[in-house]
Amino acid sequence: MSDEATFSNELLIGLTPEQREAVMSPARRHLVRATAGSGKTHVLTLRIQRRVVDHDVAPDQVLAMTFTRKAGDELRRRLFREGVRDVRAGTFHRAALNLVTQYREDRHLRALTLEPNRRKLVSALAKQLRESGELKLEDWQLPRLEQEIGWALSQGYNGTLYVKNARRLRRDAPLAPAQMAEVLDRYVGLCRSRGLLDFDLLLSEAITLLREEPDVLASFRYRNRSIYVDEAQDMNPLQFMLLRQMAGDDPDLFCVGDPNQSIYGFNGGTPTLMNEILVTWPDTVVLDLTRNHRSTANIIAVANTLLEEGARGIIPAKDEGEVPLVRNYNTDEEEAEHVATWLAAKHQPGSPWRSMAVLARTNAQLEVVAGYLDAAEVPNERRGPEHSPASDLTAPELSSRRLLEADRDAVALSTIHRAKGLEFQHVAAIGWAEGQLPNYNATTPEELAEEQRLAYVALSRAERSLLITWSRGRNDPRYPDRSPSRFLGPIDKVVRELDARNAPLRGDARRARLAAIRASLEQSVEQLDGELATQSDEAPRV
C-alpha cells in the first residue's frame with residue numbers, strides 16, 4: 001500500500017506539488033524554505049497529521065517548537081480539529097522550562113525562578129557595582145547594558161568568549177570589552193546566587209543538562225522522537241545549540257523557515273543559521289515553497305522589491321488585484337487621519353474591522369493613529385505579548401476579558417515584529433520615512449538589511465489591499481522635514497508601472513490594442529474551424 005493510500009487523499013486536495021512533497025516525503029530530515037503566504041503552517045500541520053495517521057510516530061512523541069504563544073496555540077488548534085491530540089507545541093523556552101523543571105522535580109531540588117524582566121536584574125547588578133566602588137554605571141547606560149548582555153547570552157558567550165568575539169565583531173557596546181566581560185560574568189553570578197534564570201539562562205540550563213546528564217538526554221529523546229521547528233529563521237545561536245543537543249546525530253527533524261523574514265537580530269537571530277542545519281545534518285532534504293497564496297499579484301510585485309539581492313522571487317497564486325497605494329503627508333496627524341479614512345472606506349460586507357491592520361516600526365507611531373481611529377469611532381486594539389518571543393512563558397492566562405477581546409471586531413494596531421505570522425485583508429503600513437523605517441539606530445549593513453526584511457514582513461501581511469504612508473513630520477521638533485524611506489524608491493517605480501499597465505488606453509494605442517485582439521480572435525476562429533474540418537474528414541463513414 002502506498003503512502004498516499006494510507007493518508008486520506010482528501011487532505012491533499014488543493015496542495016501544490018511542492019506542498020504535497022513536504023507533507024508526504026519519507027526522508028527523516030527536511031529543511032523547508034517557505035516564503036510568506038506559502039502555507040507553511042498548513043504543510044507542517046498536515047505532515048504531523050500524516051505521520052500520526054500512518055503510525056510513523058505517536059502524537060505524544062512529537063515536539064513542535066515555535067517562537068510565539070499564538071503560533072503554538074494555532075498549531076494545536078489545527079491538529080485538534082483533525083483529531084490529533086497530545087502533540088507538544090510551544091516555544092523553545094517552554095520546551096527548555098519543561099525539561100529543567102522535570103529534572104529538578106525528579107531529584108527533589110529547589111525549583112528555579114524564571115525572571116522575564118532582565119532590566120530588574122541589570123539594575124540590581126548596577127547598584128551592587130556602584131556600592132562596591134568597582135564600576136559606576138549611570139542609569140542612562142542600563143538599557144544598552146541590558147541589550148548587550150542579552151546579545152552575549154544569545155550567542156552562548158561567557159566573559160572570555162565575549163572579549164574574543166566583541167573585538168572581532170567590533171561591537172558598539174556601552175563598556176570596553178574587558179569591562180563588559182566582567183559585567184557579563186557578574187550578571188550570571190548574580191542570577192545563580194538568587195536562584196533565578198532569565199530567558200537566555202533558561203536555555204543555557206537546558207543545554208547543560210542535555211550535555212552533562214546522560215539520563216536526561218536519554219529520557220528527552222525517548223519522549224520526543226520527532227522534532228518540528230517553525231519559523232526556523234528566527235533561531236539565535238543559543239536556540240540552535242539547544243536544538244542540536246535535543247536532536248542528536250540522526251534526528252527525525254522537520255524545519256520550516258524563510259530567511260527573508262529574519263527580523264530578530266536584537267535577540268541574536270540571523271538568517272544564516274538556517275544554513276547550519278545543512279552543515280550539522282548534511283543529508284537534510286531541502287524543499288522550497290515559493291508560491292504565495294495570501295497576497296494579490298500586485299502586492300507581491302511591490303513586496304518583491306524588498307528582497308535582498310540574489311533572493312528567489314515570490315510567485316503569486318492570485319490575480320493582480322488593487323494596485324498598492326503610496327502616500328505622503330506633511331504631519332503625523334495628517335497621516336493618521338487619512339489612514340483612518342482609508343480603513344473606514346474598506347469596512348464593507350466581507351471586510352470586518354478585524355480584517356484590517358495598521359503596522360508600524362514602533363509602538364509610539366501607533367499612538368497617533370489610535371487617537372484618530374477613536375475619534376472616527378473605528379474600533380481598534382493593540383496586539384499584545386502573545387505575539388512576542390517566549391510569550392507562552394510571559395503572556396497572562398486567558399481570562400474572560402481576554403477571550404472577549406479576542407472575539408472583538410476591531411482594527412489591529414501592531415508593531416511589525418508582533419505582526420509576523422499574521423495576515424489581514426487590508427493593511428496600512430505607516431511611518432516609511434528615514435529614521436523610522438529604517439530606524440535611526442540601524443547603521444551597519446547587517447542592521448539595515450534586517451530593517452529591509454522588516455519592511456518586507458510588513459507588506460507581505462496584506463491579502464487584498466495595501467496602503468504605504470510616510471510623514472514629513474513638520475510639526476515634530478525632533479525630526480522635522482523627514483525624507484522618504486530608502487525602501488520606497490523601488491516600490492514607487494513598480495507602482496507607477498502597475499498604474500500604467502492598468503490605465504485605460506486612448507487614441508492610437510487603444511485602436512492598436514483592439515486591432516491586436518481582433519486579429520488574435522480571428523486567428524483562433526480559423527484554427528478552430530480547421531480542427532473541426534479535420535475531425536470531420538477523419539470521422540468513420542457508416
Side-chain angles (χ1 to χ4, degrees), residues 35-36 170 172 233 258-266 269-272 295 298-314 323-332 334-336 338-339 357-366 368-369 414-417 419-420 427-462 466-500:
T35 192
R170 299 180 181 177
D172 181 20
Q233 79 280 347
D258 179 7
N260 296 319
Q261 297 187 68
S262 178
I263 59 173
Y264 288 107
F266 64 86
T270 168
T272 59
S295 307
N298 286 338
I299 291 174
I300 291 173
V302 168
N304 273 346
T305 67
L306 295 165
L307 296 180
E308 295 180 77
E309 188 175 350
R312 182 176 300 185
I314 303 165
V323 176
L325 302 175
V326 179
R327 297 289 185 264
N328 66 84
Y329 306 96
N330 285 321
T331 67
D332 294 349
E334 185 181 330
E335 178 185 26
H338 281 78
V339 165
V358 179
L359 306 183
R361 177 66 177 80
T362 65
N363 277 305
Q365 294 169 278
L366 297 169
V368 181
V369 178
S414 177
T415 63
I416 303 171
H417 283 98
K420 191 166 74 65
V427 170
I430 69 170
W432 284 55
E434 286 293 305
Q436 293 182 316
L437 186 67
N439 190 267
Y440 67 91
N441 285 322
T443 56
T444 68
E446 294 78 15
E447 290 167 342
L448 288 169
E450 180 163 314
E451 292 291 302
Q452 184 169 322
R453 293 193 295 270
L454 194 62
Y456 167 76
V457 167
L459 302 193
S460 59
R461 301 308 93 201
L466 174 64
L467 171 66
I468 306 170
T469 68
W470 67 279
S471 155
R472 294 180 178 86
R474 288 184 177 163
N475 62 349
D476 187 343
R478 298 170 303 167
Y479 310 107
D481 293 320
R482 300 185 193 117
S483 57
S485 168
R486 67 194 70 187
F487 304 142
L488 281 178
I491 289 175
D492 277 329
K493 182 175 182 293
V494 169
V495 167
R496 286 195 300 270
E497 291 172 353
L498 294 174
D499 281 334

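Please read all numbers here as calculations on a predicted model, not as lab measurements. The first residue of the sequence shown is numbered 1, and numbering continues consecutively from there.
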Are the side chain of [X] and the backbone of [Y] linked by a donor-acceptor contact shorter than 3.5 Å?
X: Arg453; Y: Ser262; answer: yes
X: Gln233; Y: Asp258; answer: yes
X: Glu451; Y: Leu437; answer: no
X: Glu450; Y: Gly265; answer: yes
X: Thr415; Y: Asn363; answer: no

Exercise for the section: Would you name the heavy atoms of Thr305 and Ala301 that are closest together and state the gap between them? Expected result: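 Of all heavy-atom pairs spanning Thr305 and Ala301, the closest is CG2-O, 3.6 Å.
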Just jot down the salt bridge (charged side-chain N to carboxylate O under 4.0 Å, His left out) partners of [X], sequence neighbours excluded, or say none.
X: Glu446; answer: none
X: Glu335; answer: none
X: Glu334; answer: none
X: Arg482; answer: Asp332, Asp476

Practice task
Quick one: sort the Phe487 and Trp432 rings into parallel, tilted or perpendicular, breaks at 30° and 60°.
Solution key: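 Answer is perpendicular, since the angle exceeds 60°.
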Practice task
Please identify each residue that fulfils side chain to side chain donor-acceptor pair (under 3.5 Å) with Asn439, with sequence neighbours left out.
Solution key: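 Counting only residues at least two positions away or on another chain, Asn439 forms a side chain to side chain donor-acceptor pair (under 3.5 Å) with Asn441.
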Handout entry: Passing candidate, side chain to side chain contact (heavy atoms under 4.5 Å, CB included) with Val323, options Leu466, Asn298, Ile299, Val302
Key =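 Only one of Leu466, Asn298, Ile299, Val302 forms a side chain to side chain contact (heavy atoms under 4.5 Å, CB included) with Val323, namely Asn298.
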Exercise for the section: List in chain and number order the residues that pass ring-ring contact (aromatic ring centres under 6.0 Å, His included) with Tyr329, two or more places apart in sequence or in another chain; answer none if no residue qualifies. Expected result: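 For Tyr329, the residues satisfying ring-ring contact (aromatic ring centres under 6.0 Å, His included) (neighbours in sequence not counted) are His338.
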